[in-house]
Amino acid sequence: MHEISIGLDTEDGVIWVCGIGEDAIMAFTEDGVEELKNLFEMRRENPGLFE
């Protein structure tokens, strides 16, 4: 999942949830989840797409 999601940005539905200090974690809006589903489907059809 990291391999696929690393290229996503805020316009793709990615948000960063900040913690204490410099800690942060990638999270997804509903649109981001849909984008991930689409990317997983693309990868399923073409396994070498994200290499």
Side-chain angles (χ1 to χ4, degrees):
M1 187 162 102
H2 182 270
E3 207 174 277
I4 293 173
S5 64
I6 199 159
L8 297 178
D9 207 350
T10 52
E11 62 265 7
D12 300 313
V14 173
I15 59 174
W16 286 94
V17 179
C18 298
I20 298 173
E22 294 184 21
D23 293 336
I25 189 166
M26 182 187 285
F28 303 94
T29 64
E30 288 182 34
D31 290 339
V33 172
E34 290 302 315
E35 183 68 21
L36 275 177
K37 288 179 183 178
N38 292 335
L39 292 172
F40 281 125
E41 183 62 31
M42 289 170 58
R43 172 126 190 224
R44 189 177 3 246
E45 293 170 1
N46 185 357
L49 186 63
F50 297 99
E51 292 180 2

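The residues of the chain are indexed from 1 along the displayed sequence. Worth knowing before you read on, the calculation uses all heavy atoms, side chains too, and leaves out hydrogens, waters and symmetry mates.
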Between Ile6 and Val14, is there shared hydrophobic-cluster membership here, with clusters defined by ILVMFWY side-chain heavy atoms closer than 4.5 Å?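 No, because Ile6 and Val14 fall into different hydrophobic clusters, even though each may have its own neighbours under 4.5 Å.
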
Which heavy atom in Phe28 sits nearest to a heavy atom in Ile15, and how many Å separate them?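 What the structure gives for the nearest pair is N-CG1, 4.4 Å.
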
Heavy-atom closest pair, residues Asp12 and Glu35: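 Result for this residue pair: O-CB, 3.8 Å.
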
Does atom CD (Glu41) have a neighbourhood of more than 12 heavy atoms from anything else shown, all under 6.0 Å?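 Above 12, so yes.
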
Kindly compute the distance separating NZ (Lys37) from CD1 (Ile4), expressed to the nearest 0.5 Å.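 These two atoms lie 14.0 Å from each other.
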
Distance in Å, Asn46 CG paired with Met42 CE, rounded so as to fall on 0.5 Å steps: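 Separation between the atoms: 8.0 Å.
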
Stepwise side-chain contact (heavy atoms from CB on, under 4.5 Å) check, Leu36 with Ser5: CA-CA 7 Å; Leu36 275 177; Ser5 64; 3.9 Å; yes

